[in-house]
Novice: 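I have a structure I would like to understand better, so I am pasting it below and will then ask my questions one at a time.
Nothing fancy with the numbering, it's 1 onward along the sequence.
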Amino acid sequence: MPMTRPLLVRGQERYDIFCTVCHGEDGYGQGMIVQRGFPAPPSFHTDRLREAPAGHFFDVMTRGYGVMYPYASRIS
């Protein structure tokens, strides 16, 4: 899939809607849900996740992982 400006904008919009509640706006895993007592997700700024292939993120978003809800039915 080619990386285009509209694709990046859409991705940012989806992140803001579905992900910031747990992962935070900056991706460090300190979103509102975490501030209210839920377990913190891993930071996107770790070497392990910086080096992960895009397919890893697709799989986790699609199927969920740990306490993360699967989003396959919510994000096209």
Side-chain angles (χ1 to χ4, degrees):
M1 173 178 291
M3 188 63 60
T4 63
R5 178 82 178 143
L7 183 64
L8 287 172
V9 168
R10 179 171 164 73
Q12 182 66 58
E13 289 170 350
R14 296 297 164 259
Y15 182 87
D16 291 345
I17 292 167
F18 294 103
C19 307
T20 59
V21 68
C22 294
H23 292 279
E25 291 180 10
D26 57 7
Y28 281 98
Q30 296 299 314
M32 184 56 63
I33 274 290
V34 176
Q35 295 172 28
R36 298 208 170 145
F38 282 80
S43 169
F44 292 133
H45 304 284
T46 63
D47 288 339
R48 178 180 70 85
L49 290 180
R50 282 185 184 159
E51 296 168 7
H56 167 76
F57 297 98
F58 180 82
D59 186 55
V60 170
M61 287 183 274
T62 302
R63 296 194 223 181
Y65 184 81
V67 297
M68 181 175 159
Y69 184 86
Y71 284 93
S73 65
R74 296 175 183 207
I75 302 174
S76 58

Novice: Between G29 and P41, which heavy-atom pair has the shortest distance, and what is it?
Specialist: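 Shortest heavy-atom separation between G29 and P41 comes out as O-CD, 3.6 Å.
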Novice: Using a side-chain heavy atom cutoff under 4.5 Å and only I, L, V, M, F, W and Y, what cluster partners does V21 have?
Specialist: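 Besides V21, the cluster holds I33, F38.
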Novice: As an exercise, state the distance from CZ of F57 to OG1 of T62, rounded to the nearest 0.5 Å.
Specialist: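 Going from the CZ atom of F57 to the OG1 atom of T62 covers 13.0 Å.
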Novice: For Q30, check side-chain contact (heavy atoms from CB on, under 4.5 Å) against everything at least two apart and list the hits.
Specialist: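 If we apply the side-chain contact (heavy atoms from CB on, under 4.5 Å) test to Q30, skipping adjacent residues, the hits are V34, A40.
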Novice: What are the two closest non-hydrogen atoms of M61 and M68, and how far apart are they?
Specialist: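 Smallest interatomic distance, heavy atoms only, reads CA-CE, 3.9 Å.
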Novice: Taking side-chain contact (heavy atoms from CB on, under 4.5 Å) as the test, write out the residues that go with Y15, two or more places apart.
Specialist: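 Per chain and number, Y15 pairs via side-chain contact (heavy atoms from CB on, under 4.5 Å) with Q12, C19, T20, H23, F44.
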Novice: With sequence neighbours excluded, give me every side-chain hydrogen bond (donor to acceptor under 3.5 Å, both in side chains) pair touching residues 33-44.
Specialist: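 Residue pairs passing side-chain hydrogen bond (donor to acceptor under 3.5 Å, both in side chains), neighbours aside: none found.
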Novice: Only counting residues at least two apart or in another chain, list the ones meeting ring pair (Phe, Tyr, Trp, His ring centres under 6.0 Å) with Y69.
Specialist: Y71
Novice: Taking only residues two or more places apart in sequence, or in another chain, which ones meet I17 in a side-chain contact (heavy atoms from CB on, under 4.5 Å)?
Specialist: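 I17: side-chain contact (heavy atoms from CB on, under 4.5 Å) contacts with R14.
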Novice: Kindly give the cluster partners of F58, where membership spreads through any ILVMFWY side chain lying under 4.5 Å from a current member.
Specialist: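 Its cluster partners, ordered by chain and number, are none at all.
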Novice: Show every salt bridge (charged side-chain N to carboxylate O under 4.0 Å, His left out) that has at least one partner inside residues 38-64, sequence neighbours left out.
Specialist: D59-R63
Novice: Apply side-chain contact (heavy atoms from CB on, under 4.5 Å) to M1 and list each qualifying residue two or more places apart in sequence or on a separate chain.
Specialist: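 Per chain and number, M1 pairs via side-chain contact (heavy atoms from CB on, under 4.5 Å) with L7.
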Novice: Can you list everything that forms a ring pair (Phe, Tyr, Trp, His ring centres under 6.0 Å) with H56? Sequence neighbours excluded, please.
Specialist: none
Novice: Heavy-atom count around Y65 OH within 6.0 Å, excluding the residue itself: above 12?
Specialist: no
Novice: Check the hydrophobic clustering (I, L, V, M, F, W, Y; side-chain heavy atoms under 4.5 Å; chains of links allowed) and say if F18 and M32 are grouped together.
Specialist: no
Novice: What pairs meet the salt bridge (charged side-chain N to carboxylate O under 4.0 Å, His left out) rule with one or both residues in residues 18-34, with sequence neighbours excluded?
Specialist: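 Those involving residues 18-34 do not exist here.
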